[in-house]
2 protein chains.
Amino acid sequence: MKKFMNRAETLVAESLAGFVAAHERLVVFGADSRFVRRRNLRPDKVALISGGGAGHEPMHVGFVGEGMLDAACTGHVFTSPTPDQIIAAIRETDRGEGCLLIVKNYDGDVMNFEMAAELAAEHRIATVIVRDDVNPSGSKRSQGRRGVAGTLVFEKLLGAAAEARWRLDDLSALGEDLNDRIRTVGVSLSGVTVPETERETFVLNEDEMEMGVGIHGEPGRARLKFATADEIVETMLKAILKDLEPKRSDKLLLFINGFGGTPVSELYLAYNSTRARLQSLGLTVARSLVGTYVTSLGMAGLSITVAGLEERELSLWDAPVNTAALRWGG
Amino acid sequence: MKKFMNRAETLVAESLAGFVAAHERLVVFGADSRFVRRRNLRPDKVALISGGGAGHEPMHVGFVGEGMLDAACTGHVFTSPTPDQIIAAIRETDRGEGCLLIVKNYDGDVMNFEMAAELAAEHRIATVIVRDDVNPSGSKRSQGRRGVAGTLVFEKLLGAAAEARWRLDDLSALGEDLNDRIRTVGVSLSGVTVPETERETFVLNEDEMEMGVGIHGEPGRARLKFATADEIVETMLKAILKDLEPKRSDKLLLFINGFGGTPVSELYLAYNSTRARLQSLGLTVARSLVGTYVTSLGMAGLSITVAGLEERELSLWDAPVNTAALRWGG
């Protein structure tokens, strides 16, 4: 395993320090460097806080800024942030309108964010649990659907709504609603080596791929023979469309996400194939995003996220965003 | 070799089709899909055209848009675009103020862009050859310094200047000037497999790295023992600073570029280490960029680019840019 690092114990802290320094106009460290927050907090909006284990960069710190998150808490690699970190973020970013916690559905994350919300009971807090994975069967890390790349879509839409001064109850309702309308499936071409343990999570032969993977190198639903991009996309879309059941009148957001080790040219090729297949089914791709946003260290692979959005959500998607990783409009 | 593709012969065309479809608000294909251009060409500005082999995405197509390139011509993987492609781009984008061709210093690229300029002699054309690599010794592909990740800096600064309606001669002079002030050095942790040949360019052991690599998987200057991030950065910066000789009063742009297979968290860690080292030498990092912009397929590794910029160039760097890969201001 070759990684650019000094010591496994300090790699998350060093990387975050680099992130904050490189984007000093957008973000600062919160108290005791326990989280990253927007440099300029707004007085009369709900604070949006997310977080999770390290190893998924640029999520979540790359989504802190105008039109998206107010703060992000990062744990060790693939390990939830502690309740302390989350409480510190709540205290520093809540300006009186309450906090919305956006939490991916993993047992550790859900437990620590819940504990933080209980311990910070003097604040008004609502929680959205993101469950966008098509795989409903859970894993060692989670019960039910996992939160994966669709988390970006939750954070963009809720971030825009919070920026437009939606109230906490309305944001919470939107978050619940989105769980029925966003689905993701991932495929991996390689396992993942976690720096602290130097153990590879699973090993694939040269002619194999792992279908239905999450973002922690956990095994997926099936090990399949490697195939052409068109065939892989067909398998993936079948799983999504069976679950999402979009109508021909729906406006779809199509998001192709790289897991960290996949060149952007391959992501665009996958996008091309996915879009063509959706169109051949009479479906309309109204918005698109292609890039490396929600990663699993340096895993080779990608995920496809499809969201069925109404006019209201399309406007939230189009609203200006100014973060390190996502930036448009304004 | 596992790649998301259908056939090696069509992968560049399919990927470009996906790119154009995903960014249809920004770009369109030029005539016969031989190049990618800005959707909205401006009437009274010099047209900026670049290009090169595929395999370096998001460069150059990701830099087409307001404040950067007017058109980009893509060849096969690691192969120059043909003169035909370049001539088509010149004819379609020159609105009377002439064209500036931005060409990385590889024999194939230089030859084909020169030939295009000769065959399109009815247009006013100037050419900037980018030579930012610290390695002055050339390779099989080039004589003298290669054009590598610093190409992004050329295209951003010249793009902003063209947007500000600088004339062709002044743009050409700025380009020449930048060649003395931008230096890059790359390190690789893995070779590269070119899809057409399925041959790996070089093979590294688990404890080795290749120092001084370019962006085609060509071997570098030295094969070294793998080391900590701080040690690698020290070796790389030494090569840059010996060549660039910045003064303490200089304002530096520091750009950490991933080669395609390196997680963004490692790029930020390398940024943190590089910035700290520059500061310990009394040097000032005034602007920063960290990300995967100039790649060598899925190569694991990164490059460090340092540019010594004056107030004029800092303003050009800060000017709004709206492309698929680089976007700020505006």
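Letters go in sequence order (proteins before strands), and every chain restarts at 1. All values reported here derive from a predicted model rather than from experimental measurement.
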- Taking the six-membered ring for Trp, are A/Tyr293 and A/Phe63 parallel (under 30°), tilted (30 to 60°) or perpendicular (over 60°)? tilted

- Query: Parallel, tilted or perpendicular: which fits the ring planes of B/Trp317 and B/Trp328, with parallel below 30° and perpendicular above 60°?
  - Reply: tilted

- Using non-hydrogen atoms only, which part of A/Leu297 is less than 4.5 Å away from chain B: side chain, backbone, both, or neither? backbone

- Please determine, among B/Val285, B/Thr228, B/Leu269, B/Leu302, the option with the most heavy-atom pairs under 4.5 Å with chain A. B/Leu269

- Segment of A/Ser265 engaging chain B (4.5 angstrom heavy-atom cut-off): both

- Message: Evaluate B/Glu57 against B/Phe19 for side chain to side chain contact (heavy atoms under 4.5 Å, CB included), listing each step before the verdict.
- Response: CA-CA 10 Å; B/Glu57 292 77 15; B/Phe19 176 83; over 6 Å; no

- Against chain A, work out which of B/Asn322, B/Val61, B/Asn272 has the most heavy-atom pairs shorter than 4.5 Å and name it. B/Asn272

- Item | Check: B/Tyr268 ring centroid to A/His23 ring centroid under 6.0 Å | yes

- Under 4.5 Å to a heavy atom of chain B? For A/Ala270 that would be neither

- Give a yes or no on whether a salt bridge exists between B/Glu14 and B/Lys3, defined as a side-chain N under 4.0 angstrom from a carboxylate O. no

- Note on the structure: Of the listed B/Ala22, B/Gly261, B/Gly298, the one with the largest count of heavy-atom pairs under 4.5 Å with chain A is B/Ala22

- Message: Checking A/Glu231 against A/Leu224 for the side chain to side chain contact (heavy atoms under 4.5 Å, CB included) test, could you report, in this order, the C-alpha distance in whole Å, the side-chain angles of both residues, the deciding distance, and whether it holds?
- Response: CA-CA 11 Å; A/Glu231 290 162 341; A/Leu224 303 178; over 6 Å; no

- Side chain from CB out, backbone as N, CA, C, O: work out which of these in A/Arg7 comes under 4.5 Å of a heavy atom of chain B, or both, or neither. neither

- Message: Is A/Leu11 in contact with chain B via its backbone, its side chain, both, or neither, using a 4.5 Å heavy-atom distance?
- Response: both

- Query: B/Thr274, B/Val264, B/Leu189, B/Leu204: which one forms the most heavy-atom pairs within less than 4.5 Å of chain A?
  - Reply: B/Leu189

- Note on the structure: Bottom line for A/Arg275: the part with an atom under 4.5 Å from chain B's heavy atoms is side chain

- Task: Please lay out, stage by stage, how A/Phe35 and A/Thr74 fare under the test side chain to side chain contact (heavy atoms under 4.5 Å, CB included).
- Result: CA-CA 7 Å; A/Phe35 59 96; A/Thr74 305; over 6 Å; no

